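Working notes for the structure below.
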Amino acid sequence: MKKVFLCLVGCLVASSLMAQKSVKLSSPDGKVQSNIQIGSTLTYDIQVDGQQVLAPSAISMNLSNGQKWGVDAQLLKQAESDIHEEVASPFYRQKSMKNDCNVLTLTFKGNYQVEFRAYNEGVAYRFLSQEKKPYEVINEGVEYNFPQDFEATVPYVKDFESDKPEEQFGNSFENYYTISPISKLDSRRLSFLPLVVNTGKGVKLCLGESHLENYPGLYLQAKGTAFQGVFAPYPKEIKQGGHNELQMQVKSGENFIAKVLETRSFPWRIAMICRSDKEMAGNNLTYLLGDPCRVADYSWVKPGKVAWDWWNDWNIYGVDFEAGINNATYKYYIDFASQKGIEYVILDEGWAVNLKADLMQVIPEINLKELVDYAAAKNVGIILWAGYWAFDRDMEHVCKYFSEMGVKGFKVDFMDRDDQPMTDFYYRAAEMAAKYKLMLDFHGAFKPAGLNRTYPNVVNFEGVAGLEQLKWQDPGHDQITYDAQIPFIRQASGPMDYTQGAMLNATKEDYVPNNSNPMSQGTRCHQLGLYMTLESPLSMLCDSPSNYLHLGGECTDFIAQVPTTWDETIVLDGEIGKFYLAARRNGNTWYVGGITNWDARDVEINTSFLGSGTYQMTSFTDGKNAVKKPCDYKYETTSFQAGETLKVHMAPGGGFAICLKK
């Protein structure tokens, strides 16, 4: 009897060992590895240069048909491949990007696959479904387990009145960063992506997602030394309301997160790997993992700069009419844009009748057709602000009507959700806008998540606590440190509608909120530097045309000439929350810019990227008195020899902007 028992035990152990399978995937350079364990759970880890930076972390999906993908997974086959291609990125940080990775595709019993990709710059995975019958996703299991209590930099969901996750999903994705060991983070609060984990081993991980189509966005919640994924439920009851009746607010949710009607791929979960902060700022994985372009001809997409009305409260002066939301004011904006070579003027909230959520109802003070024609005659395009529900409820009619009028695009605002119906809206809106050759700027929006690769007519996204916040933030608020964080974190997911360009500049001590005469924190050159350090294919000039004309001088002319898309971008140096330096090329002209936090800083820039030859250098640097008078700057035009070292001093809250023409 004992022999039989021992034999049974041996068979069970052998069976258990046979059920466990380990597969290894390495990056093209072999320095990044992931061990995928297949058994009772499906897990993966990440090792960089031989050190484990992500401990084994389980991934799974729980479906309404009873299947649990990733649990007791039965592997049917595995396939290894690689990708080596050049991906067009025409309206982004560079003209094209290299997509080089090794791929592992695991096919499991139950009509599903898991695809892993290992890049030199990170590891990503996604589920793929071959199931043809409809089902619901009850939940997706996402874990990021860490071998130690690492420090994290996270943006919490902003509005926090309850520790119930379901009451945190309605948010604008605008918040500042909290830095803390993971175990000390508030476990009641959700964080949105991207966020950063410092492994303390010379490696940081920036966690993000891509190809977020028709599926809820991922939030992370701290649990011990780990993060666990949380998703907004599928809305059950939605009611019109919110800001000026322009939102559809979720009142209750279903017991599942997504409906699936046919075969599909699910979003990519990305861990960007950065051995230095400047690598993080230059990471392209979010774009590369976006679904390929679906617009056959996008030659009509024309990014550029926009004269913006809302931040400066339509506050123009020195005119013989009352400024406000009326044709006379907008003709002034159009004249300014035409004079300075600025491509667009936006009509922000107020041109449509309030509280109607109907873009066909225009206030009597505005004659849209007259403005569009007036602007076209001066080579300026008109972009219209639209509340989410006013746009969505009548989408094709709105796009067709205003496109035929000559409008060039929409700034769609106040979505403030990322559940499945809302992420589906983004793709529907992008497709419809492309049909009628309209550009889109998503405001009140979550991060880009690869959409700008799929639909190049979606040229900008908010998802950032931009300069507009300084209209109302309390004295003592620190926008400058945040400015020095976002190029590394938020910008890793794609372009952002930060809305820089303030001509009224304040020190930390002098800053006060002001709605009609808003000011920036930091120096004038900090504002100029933001046009080189932040990526915004549709880039706002936030201040009043009157201020640009009377106070801006050569600063205004410089802003007007700065391109918004680039053939090449080089992240020169930087450290999260401290400073950031970048060089960007458009044609044969280079633009070099930098910003610093509240610490004065001297930087030296190696200009070997220029190649050889003599350049004309136009530079804006902080003036000698910028410490007390932030609008003080030094403007110079000199010759510069490629290869020489650029030496720049930045005042507290300062920056610089340089143009180099061969």
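This one's a predicted model, so the numbers in the text were calculated from it and none came from an experiment.
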For the rings on Trp566 and Tyr591, is their centre-to-centre separation under 6.0 Å? yes
Atom CE in Met395, atom CE in Met432: separation rounded to 0.5 Å? 6.0 Å
Donor-acceptor under 3.5 Å (Asp441 side chain, Leu538 main chain): no
Nearest atoms (heavy-atom pairs only) where Pro303 meets Tyr344: C-CE1, 4.3 Å
Could you check whether any side-chain N or O of Ser265 sits under 3.5 Å from a backbone N or O of Leu128, counting only pairs where one atom can act as donor and the other as acceptor? no
Can you confirm whether the side chains of Asp567 and Gln94 place a donor and an acceptor under 3.5 Å from each other? no
Taking only Lys NZ, Arg NE, NH1 and NH2, and the carboxylate oxygens of Asp or Glu, determine whether Glu140 and Arg269 approach each other closer than 4.0 Å. yes
So, Phe461 versus His443, ring centres under 6.0 angstrom or not? no
Against the six-membered ring of Trp310, is Lys471 placed for a cation-pi contact (under 6.0 Å from the centre, within 45° of the normal)? yes
When you measure from the side chain of Asn457 to the backbone N and O of Ala430, does any donor-acceptor pair fall under 3.5 Å? yes
d(Lys447 NZ, Ser493 OG) to nearest 0.5 Å is 7.5 Å
Relative to the ring of Tyr92, is the ring of Tyr287 parallel (under 30°), tilted (30 to 60°) or perpendicular (over 60°)? parallel
Could you check whether any side-chain N or O of Arg490 sits under 3.5 Å from a backbone N or O of Gly494, counting only pairs where one atom can act as donor and the other as acceptor? yes
Pairing of Arg585 and Glu568 as salt bridge, 4.0 angstrom limit: yes
Check the pair Glu396 / Arg428 against salt bridge (Lys or Arg N to Asp or Glu O under 4.0 Å), numbers first and verdict last. CA-CA 10 Å; Glu396 181 148 22; Arg428 288 189 294 106; over 6 Å; no
Just checking, is any N or O donor in the side chain of Arg264 or Ser129 under 3.5 Å from an acceptor N or O on the other one? no
Would you say Asn284 and Arg93 are linked by a side-chain donor-acceptor pair, where the criterion is simply a distance under 3.5 Å? yes
Around Lys305, counting heavy atoms of other residues, nucleotides and ligands shown, do more than 12 lie under 6.0 Å from its NZ? yes
Backbone N/O of Asn327 and side chain of Glu365: donor-acceptor pair under 3.5 Å: no
In Å, rounded to the nearest 0.5 Å, how long is the span from CD of Glu468 to CD of Gln473? 10.0 Å
If only side-chain N and O atoms count, and only distance matters, is there a donor-acceptor pair under 3.5 Å linking Glu349 with Asn244? yes
Gap separating the CG atom of Asp348 from the CG atom of Asp309, nearest 0.5 angstrom: 5.0 Å
How many angstroms lie between atom NZ of Lys356 and atom CD1 of Ile363, to the nearest 0.5 angstrom? 14.0 Å
So, Trp385 and Asp413: side-chain donor and acceptor under 3.5 Å apart, yes or no? yes
Please round to the nearest 0.5 Å and tell me the distance separating atom OG1 of Thr454 and atom CG of Leu212. 11.0 Å
4.5 Å side-chain heavy-atom contact, Glu121 and Leu288: no
Could you verify whether a donor N or O on one side chain and an acceptor N or O on the other, from Asn214 and Tyr426, lie under 3.5 Å apart? no
cation_pi(Arg189, Tyr156) dist<6.0 Å, angle<=45: yes
With distance as the sole test, does Asp313 use its side chain to make a donor-acceptor pair with the main-chain N or O of Asn315 at under 3.5 Å? no
SB check Arg117 Glu115 (cutoff 4.0 Å): yes
Please check this pair: side chain of Gln500 against backbone of Gln527, looking for a donor-acceptor N/O pair closer than 3.5 Å. no
Just checking Asp373: does its CG atom have more than 12 heavy atoms from other residues, nucleotides or ligands closer to it than 6.0 angstrom? yes
We want to know whether Asp424 and Tyr215 form a side-chain donor-acceptor pair, criterion being a heavy-atom distance below 3.5 angstrom. no
For Tyr219 and Gln168, test the side chains for any donor-to-acceptor distance below 3.5 angstrom and give the result as yes or no. no
Between the main-chain N or O of Ala449 and the side-chain N or O of Thr286, is there a donor-acceptor pair closer than 3.5 Å? no
Under 3.5 Å side-chain donor-acceptor pair for Asn312 and Ser544: no
Should the heavy atoms of other residues, nucleotides or ligands under 6.0 Å from NZ of Lys95 be counted, would the total exceed 12? no
Main chain of Ile334, side chain of Ser338: is a donor-acceptor contact present, judged purely on distance under 3.5 Å? no
Can Lys369 and Glu404 be counted as an ion pair, charged N to O under 4.0 angstrom? no
For the pair Tyr333 and Trp314, evaluate ring pair (Phe, Tyr, Trp, His ring centres under 6.0 Å) and give the outcome as yes or no after the intermediate values. CA-CA 9 Å; Tyr333 278 80; Trp314 299 267; 8.3 Å; no
Taking the six-membered ring for Trp, is the centroid-to-centroid distance between Tyr580 and Phe488 below 6.0 Å? yes
Taking atom types as modelled, is there a side-chain donor on Asn99 or Glu85 under 3.5 Å from an acceptor on the other? yes
Full working for salt bridge (Lys or Arg N to Asp or Glu O under 4.0 Å) between Arg294 and Glu213: CA-CA 13 Å; Arg294 299 177 190 173; Glu213 180 177 8; 2.7 Å; yes
Which is it for Asp478 and Tyr176 under the side-chain hydrogen bond (donor to acceptor under 3.5 Å, both in side chains) test, yes or no, and what are the steps along the way? CA-CA 9 Å; Asp478 184 359; Tyr176 303 96; over 6 Å; no
Glu86 and Ser96: side chain donor to acceptor below 3.5 Å: yes
Please check if the side chain of Gln479 supplies one atom and the backbone of Ala465 the other of a donor-acceptor pair under 3.5 Å. yes
Please tell me whether Phe414 and Tyr388 form a close aromatic pair, meaning their ring centres lie under 6.0 Å apart. no
Answer yes or no: does atom CD of Glu431 have more than 12 heavy-atom neighbours from other residues, nucleotides or ligands under 6.0 Å? no
